[in-house]
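See structure below.
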Amino acid sequence: MCRSIKTLRPPALPEEATQDEIRAAALQYVRKVSGFRAPAAHNREVFEQAVEAVAEATAELLSGLEVRGPAVRRAG
């Protein structure tokens, strides 16, 4: 249905996540949880509200995280 949501914090990203990256992750999350790739007209408003709420919560989370220790990259 949708691709995996990528990690948006260092060291997975070399710099801070952009608003576009945060919104894309939020959209993927809401699509996955709702089961809709694109909502019907009668669900569009609540769908968009959810995307904005998830994006806001994600931005808040990322700004509050403190990443410590050496950057660990996993092969995969």
Side-chain angles (χ1 to χ4, degrees):
M1 177 161 88
C2 66
R3 296 176 303 214
S4 296
I5 298 171
K6 69 180 184 176
T7 302
L8 296 179
R9 65 159 182 83
L13 287 183
E15 37 192 64
E16 284 188 29
T18 66
Q19 290 299 316
D20 287 342
E21 290 170 320
I22 291 171
R23 189 172 195 300
L27 179 59
Q28 288 178 343
Y29 175 81
V30 172
R31 284 176 173 169
K32 187 67 159 181
V33 170
S34 70
F36 295 115
R37 174 152 171 54
H42 62 277
N43 287 326
R44 189 168 294 125
E45 184 177 346
V46 71
F47 189 91
E48 285 300 320
Q49 287 173 350
V51 171
E52 293 307 315
V54 171
E56 186 176 314
T58 301
E60 185 177 328
L61 170 67
L62 292 173
S63 71
L65 288 176
E66 182 179 330
V67 180
R68 295 182 177 182
V72 177
R73 308 269 325 181
R74 294 179 187 227

Quiz item: Which value, rounded to the nearest 0.5 Å, describes the distance between Lys32 atom NZ and Arg37 atom CZ?
Solution: 12.5 Å
Quiz prompt | Heavy-atom pair of closest approach, residues Leu8 and Glu21 | solution = CD1-O, 4.0 Å
Exercise. Go through the structure and list residues passing side-chain contact (heavy atoms from CB on, under 4.5 Å) with Ala59, not counting sequence neighbours.
Key: Ile22
Quiz prompt | From Ser63 atom OG to Glu60 atom CD, the distance as rounded to the nearest 0.5 Å | solution = 6.5 Å
Practice problem: Return the set of residues passing side-chain contact (heavy atoms from CB on, under 4.5 Å) with Ala26 (not counting sequence neighbours), or none when no residue passes. | Solution: Val51, Val54, Ala55
Quiz prompt | Single-linkage hydrophobic cluster Val33~Phe47, side-chain heavy atoms < 4.5 angstrom | solution = yes
Quiz prompt | Same apolar cluster (I L V M F W Y, side chains within < 4.5 Å links), Val30/Val46 | solution = no
Quiz item: Could you give all pairs that pass the side chain to side chain donor-acceptor pair (under 3.5 Å) test and reach residues 48-58, with sequence neighbours left out?
Solution: Arg23-Glu48, Arg23-Glu52, Glu45-Gln49
